[in-house]
Amino acid sequence: GTVQKLLRAHVGGDFTKVTEDERREAFKNLGKLPMYIFDHYGELDFELLRDTIRFAARRYDMKIALIDHLGFLTQPKSRGDDERLLIEKVVRALATIAIQDGITIILVCHPNNLSVTQQRRVKISDLKGASAIRQDAHVALVVERQPMIPERGFPCAAVYVDKVRSEFGSSGSKVIMPFDPLSCVYADSWEETPSGKKGRKVIVPEQHVGSDKRKKKRS
């Protein structure tokens with residue numbers, strides 16, 4: 001799935017719509033990128049992940065590690081395991097690696113449903129084990145999908161940048177980024193996305209249309 005998304009981003013849309021030669025060339029170009037995917041899915045022993053990150057930093061000069069997601073690393077192995085302590089252990093170890101090896105580690109975490117019930121955006125306090133994460137995380141990036149509205153005409157997401165450590169000063173800010181669903185690419189404006197450059201428009205279905213109006217439109 002990750003490779004397919006990368007291929008969409010590279011060809012600028014649905015890779016099944018281009019020729020076989022274009023796909024082959026796109027795969028060659030992807031292979032030249034300084035990017036490595038750890039071939040594993042599901043629960044993972046943290047010691048193995050730790051050693052893999054440090055090896056990649058030394059051998060391949062890796063600068064950024066993206067870990068998706070925290071839940072796969074903190075599954076209790078017995079009834080006596082405390083999940084909160086496991087989260088604290090993992091986050092503390094990752095923060096130590098980032099500082100000692102001089103790399104950036106992005107850890108994906110899933111929030112609870114408290115923000116939904118309170119009708120507000122997600123904050124770092126909405127994460128499971130938030131107190132342990134807040135102690136060692138430097139910055140929190142919150143990606144929130146925005147509702148599709150006809151006035152905008154294209155899907156987008158709000159990206160909030162929250163300063164976590166108090167010594168870094170003021171709170172962060174946010175930016176709205178259009179999302180091109182065909183190429184899986186975010187950009188500063190719709191015109192800068194692959195679909196926008198090709199003059200494509202995203203059709204937003206009309207909402208709150210009565211049944212009588214829908215029948216007339218169908219006829």
Side-chain angles (χ1 to χ4, degrees), residues 1-2 5 35 37-38 40-54 56-57 62-77 81-149 152 155-179 181 184-188:
T2 301
K5 290 176 182 177
M35 181 184 301
I37 300 176
F38 187 62
H40 182 89
Y41 181 80
E43 296 178 19
L44 178 65
D45 184 74
F46 177 69
E47 283 68 26
L48 174 59
L49 177 65
R50 178 198 60 200
D51 295 342
T52 301
I53 292 175
R54 306 203 74 173
M62 181 190 70
K63 298 299 183 184
I64 300 176
L66 174 63
I67 303 173
D68 187 8
H69 58 90
L70 176 62
F72 287 135
L73 304 175
T74 56
Q75 291 295 326
K77 297 181 180 179
D81 288 341
D82 188 324
E83 189 175 15
R84 184 186 63 81
L85 294 178
L86 289 175
I87 292 175
E88 182 177 351
K89 175 184 176 182
V90 168
V91 175
R92 177 65 53 84
L94 292 175
T96 302
I97 294 172
I99 295 174
Q100 290 181 346
D101 291 22
I103 63 176
T104 297
I105 297 180
I106 302 174
L107 177 62
V108 178
C109 306
H110 293 172
N112 53 38
N113 294 323
L114 186 61
S115 59
V116 177
T117 57
Q118 295 181 354
Q119 296 184 336
R120 58 171 176 78
R121 79 164 178 90
V122 173
K123 298 180 180 180
I124 195 171
S125 56
D126 296 311
L127 303 178
K128 183 182 295 185
S131 59
I133 296 174
R134 192 164 53 240
Q135 289 176 9
D136 292 294
H138 291 84
V139 177
L141 295 176
V142 179
V143 181
E144 182 182 63
R145 183 183 300 171
Q146 301 296 290
M148 285 283 290
I149 56 176
R152 185 183 295 121
C156 65
V159 181
Y160 299 88
V161 184
D162 294 341
K163 301 287 185 68
V164 179
R165 303 294 288 272
S166 59
E167 62 263 31
F168 281 88
S170 61
S171 60
S173 57
K174 77 168 183 176
V175 62
I176 301 293
M177 301 190 70
F179 177 70
C184 300
V185 168
Y186 288 94
D188 291 330

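Below, all heavy atoms of this structure are taken into account, side chains as well, without hydrogens, waters or symmetry copies. Along the sequence shown, residues carry numbers from 1.
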message: When you compare the side chain of Ile53 with that of Leu94, does any pair of heavy atoms fall below 4.5 Å?
response: yes
message: Determine whether a donor-acceptor pair (N or O, by modelled atom type, separation under 3.5 Å) exists between the side chain of Glu83 and the backbone of Asp81.
response: no
- request: Report the distance from atom CD1 of Ile99 to atom NE2 of His138, rounding to the nearest 0.5 Å.
  value: 4.5 Å
message: If I compare all heavy atoms of Ile87 with all of Lys128, which pair ends up nearest, and what's the gap?
response: CD1-O, 3.6 Å
- request: Starting at SG of Cys109, measure out to CG of Leu141 and round the result to the nearest 0.5 Å.
  value: 11.0 Å
Pair Asp101 + Arg54: basic N to acidic O under 4.0 Å: yes
- request: For Asp126 and Asn112, indicate whether the former's side chain and the latter's backbone hold a donor-acceptor pair under 3.5 Å.
  value: no
- request: Check whether any side-chain heavy atom of Asp188 lies under 4.5 Å from a side-chain heavy atom of Met177, and answer yes or no.
  value: yes
Would you give me the side-chain donor-acceptor pairs under 3.5 Å for residues 66-76, sequence neighbours excluded?
residue : atom : partner : partner atom : Å
His69   : ND1  : Gly71   : N            : 3.0
Thr74   : OG1  : Leu70   : O            : 3.2
Gln75   : NE2  : Gly71   : O            : 3.0

message: I need the minimum non-hydrogen distance between Gln146 and Glu144, along with the two atoms involved.
response: NE2-O, 3.1 Å
- prompt: Arg145: what forms a salt bridge (charged side-chain N to carboxylate O under 4.0 Å, His left out) with it, not counting sequence neighbours?
  reply: none
Heavy-atom side-chain contact between Tyr186 and Val159 under 4.5 Å: no
field: By side chain to side chain donor-acceptor pair (under 3.5 Å) - contacts of Gln119 (at least two apart)
entry: none
- prompt: What residue among Ile124, Val142, Val122 forms side-chain contact (heavy atoms from CB on, under 4.5 Å) with Asp162?
  reply: Val142
message: Please find the pair of heavy atoms, one from Pro178 and one from Ala187, that lie closest to each other, and give the distance.
response: CD-O, 2.9 Å
field: CZ-CD1 distance between Arg84 and Ile133, expressed to the nearest 0.5 angstrom
entry: 12.0 Å
task: Could you grab the distance from atom CZ of Phe179 to atom SG of Cys184, nearest 0.5 Å is fine?
output: 5.0 Å
query: Do you know the tightest heavy-atom contact between Arg92 and Thr96?
result: O-OG1, 2.8 Å
query: Roughly how far, to the nearest 0.5 Å, is CG of Leu49 from CD1 of Ile97?
result: 7.5 Å
message: Using every non-hydrogen atom in the two residues, find where Arg121 and Ser115 come nearest and quote the distance to one decimal.
response: O-CB, 3.9 Å
